[in-house]
Amino acid sequence: MLAVYGVVAWLVLRDPPGRTVPSEPFSHRFSEAARMPMTWPLSGLYAVTFGGYVSFAVYLVTYLQSQYGLEQGDASLKAAGFTLVAVVFRPPGGWLSDRIGAAKVLCGCLAVLAVMAAWQAFAPPLYPWATFTFLVMAAMLGAGAGAVFSLVAQVVPGPKVGAVTGIVGAMGGLGGFVPPLVMGAVYGATGSYTLGLLALAVVALAALAYSWTQRNRRPAVAGH
């Protein structure tokens, strides 16, 4: 499917009229973006939000089987529903960020995420509590991911947005592979997911604390 899309994109996609071709080499543009003070905090926020729902997409089937004894088919359907909710809520997260501020939206999403993760750490009954908890977590992770990219556009100068977005997106993808390893290690050591989910709540609170400092930040301008 990726190969088919690549061929279609090669045939039909075109650069917009008047596009300015960068004169600097990629290595210089990448190093400049990597040295910007906002790049790595934004990468961390995206690793929590986008990486969060990627990690649940990877690990939720195992979690539901181990914690609640579901059959693989049932667990897979529920994991697919989690991912669908996260994807659906991403555009509204960006839309709302454009209207009330990305940092404010992100703070709200992370606060709810922390509460839901802490609640799920105590393994409430699957119906209705755990089901409701995971759906809310999916919505918050999806909306939060949309808010992070809106925040990138607000705090990064226009000419640097593309390069910074590339780094942030890459770190978000990498962030999706860390929590499953942590959850598996915690379960193997303790026979419980409690500490792993509490760790997610703590990480969400840390991201919330940083996002709170950005809520009144003025949009960046070129050259600054």
Side-chain angles (χ1 to χ4, degrees), residues 22 24-59 86-87 89-91 93-94 96-98 100-114 117 137-138 140-183 185-186 196-224:
E24 299 172 332
F26 166 78
S27 58
H28 179 73
R29 286 180 281 131
F30 177 83
S31 63
E32 276 196 337
R35 289 196 301 268
M36 293 188 67
M38 288 299 298
T39 299
W40 300 109
L42 290 168
S43 296
L45 292 173
Y46 200 57
V48 174
T49 53
F50 178 77
Y53 77 72
V54 168
S55 64
F56 274 113
V58 171
Y59 199 75
V87 170
F89 271 82
R90 181 169 174 150
L96 190 60
S97 297
D98 290 340
I100 68 172
K104 294 178 182 178
V105 173
L106 195 52
C107 284
C109 291
L110 291 168
V112 175
L113 175 64
M137 289 173 66
M140 295 302 99
L141 289 166
V148 171
F149 268 130
S150 181
L151 187 60
V152 171
Q154 291 179 17
V155 302
V156 175
K160 308 297 182 185
V161 166
V164 172
T165 295
I167 295 175
V168 170
M171 292 302 102
L174 287 175
F177 292 97
V178 175
L181 298 176
V182 173
M183 293 287 280
V186 168
L197 286 162
L198 288 176
L200 173 59
V202 171
V203 170
L205 288 174
L208 167 61
Y210 177 80
S211 301
W212 184 259
T213 68
Q214 302 299 309
R215 67 192 189 283
N216 295 320
R217 187 183 179 99
R218 294 182 178 180
V221 296
H224 292 76

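Since we're looking at a predicted model, the values are computed, not measured.
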Asks: Please examine the side chains of Phe89 and Met140, heavy atoms only from C-beta on, and report whether any two atoms are closer than 4.5 Å.
Replies: no
Asks: Restricting to non-hydrogen atoms, name the atom on Tyr53 and the atom on Leu141 that form the minimum distance, rounded to 0.1 Å.
Replies: N-CD1, 3.8 Å
Asks: Output the distance between atom NZ (Lys160) and atom CD (Glu32), rounded to the nearest 0.5 Å.
Replies: 3.5 Å
Asks: Closest heavy-atom contact between Gly176 and Val54?
Replies: CA-CG1, 3.9 Å
Asks: Might you point out which heavy atoms bring Ala153 and Val161 nearest each other, and give the distance in Å?
Replies: CA-CG2, 4.4 Å
Asks: For a quick test of reading the model, state the closest non-hydrogen atom pair linking Leu151 to Ala103 and the distance between them.
Replies: CD1-N, 4.3 Å
Asks: Please report the interatomic distance CG(Leu42) to CE(Met171), rounded to the nearest 0.5 Å.
Replies: 13.0 Å
Asks: Please report the C-alpha distance between Ile167 and Phe30 in whole Å, then the side-chain angles of each, then the deciding distance to 0.1 Å, and finally whether the side-chain contact (heavy atoms from CB on, under 4.5 Å) criterion is met.
Replies: CA-CA 8 Å; Ile167 295 175; Phe30 177 83; 3.7 Å; yes
Asks: Could you give me the CA-CA distance, side-chain angles and deciding distance for Thr49 and Cys109, then say whether side-chain contact (heavy atoms from CB on, under 4.5 Å) is met?
Replies: CA-CA 9 Å; Thr49 53; Cys109 291; over 6 Å; no
Asks: Flag the pair Val164 / Met38 as yes when at least one side-chain heavy-atom distance between them is below 4.5 Å, and no otherwise.
Replies: no
Asks: Take Phe56 and Tyr59 through the ring pair (Phe, Tyr, Trp, His ring centres under 6.0 Å) test and state the conclusion after the steps.
Replies: CA-CA 5 Å; Phe56 274 113; Tyr59 199 75; 8.6 Å; no
Asks: Given the rule in the side-chain contact (heavy atoms from CB on, under 4.5 Å) test, do Leu197 and Met183 qualify, once you have shown the distances and angles that lead to the verdict?
Replies: CA-CA 8 Å; Leu197 286 162; Met183 293 287 280; 4.1 Å; yes
Asks: Does some side-chain heavy atom of Ile100 sit less than 4.5 Å from a side-chain heavy atom of Leu96?
Replies: yes
Asks: Any idea which heavy atoms bring Val105 and Ala147 closest together, and the distance?
Replies: CG1-CB, 4.0 Å
Asks: Nearest heavy-atom pair of Ala145 and Arg90: which atoms, and what distance?
Replies: CB-NH1, 4.1 Å
Asks: How far does OG of Ser31 sit from NE2 of His28, to the nearest 0.5 angstrom?
Replies: 6.0 Å
Asks: Flag the pair Ser55 / Phe177 as yes when at least one side-chain heavy-atom distance between them is below 4.5 Å, and no otherwise.
Replies: no
Asks: Could you tell me if the side chain of Val48 sits less than 4.5 Å from the side chain of Leu110, heavy atoms only?
Replies: yes
Asks: Are the side chain of Thr39 and the backbone of Arg35 linked by a donor-acceptor contact shorter than 3.5 Å?
Replies: no
Asks: So, taking the atom named CG in Leu45 and the one named OG in Ser211, what distance separates them when rounded to the nearest 0.5 Å?
Replies: 4.5 Å
Asks: Do Pro179 and Leu200 touch side chain to side chain, with heavy atoms closer than 4.5 Å?
Replies: no
Asks: Set out, in order, the CA-CA distance, both residues' side-chain angles and the distance that settles side-chain contact (heavy atoms from CB on, under 4.5 Å) for Leu208 and Leu113, then state yes or no.
Replies: CA-CA 10 Å; Leu208 167 61; Leu113 175 64; over 6 Å; no
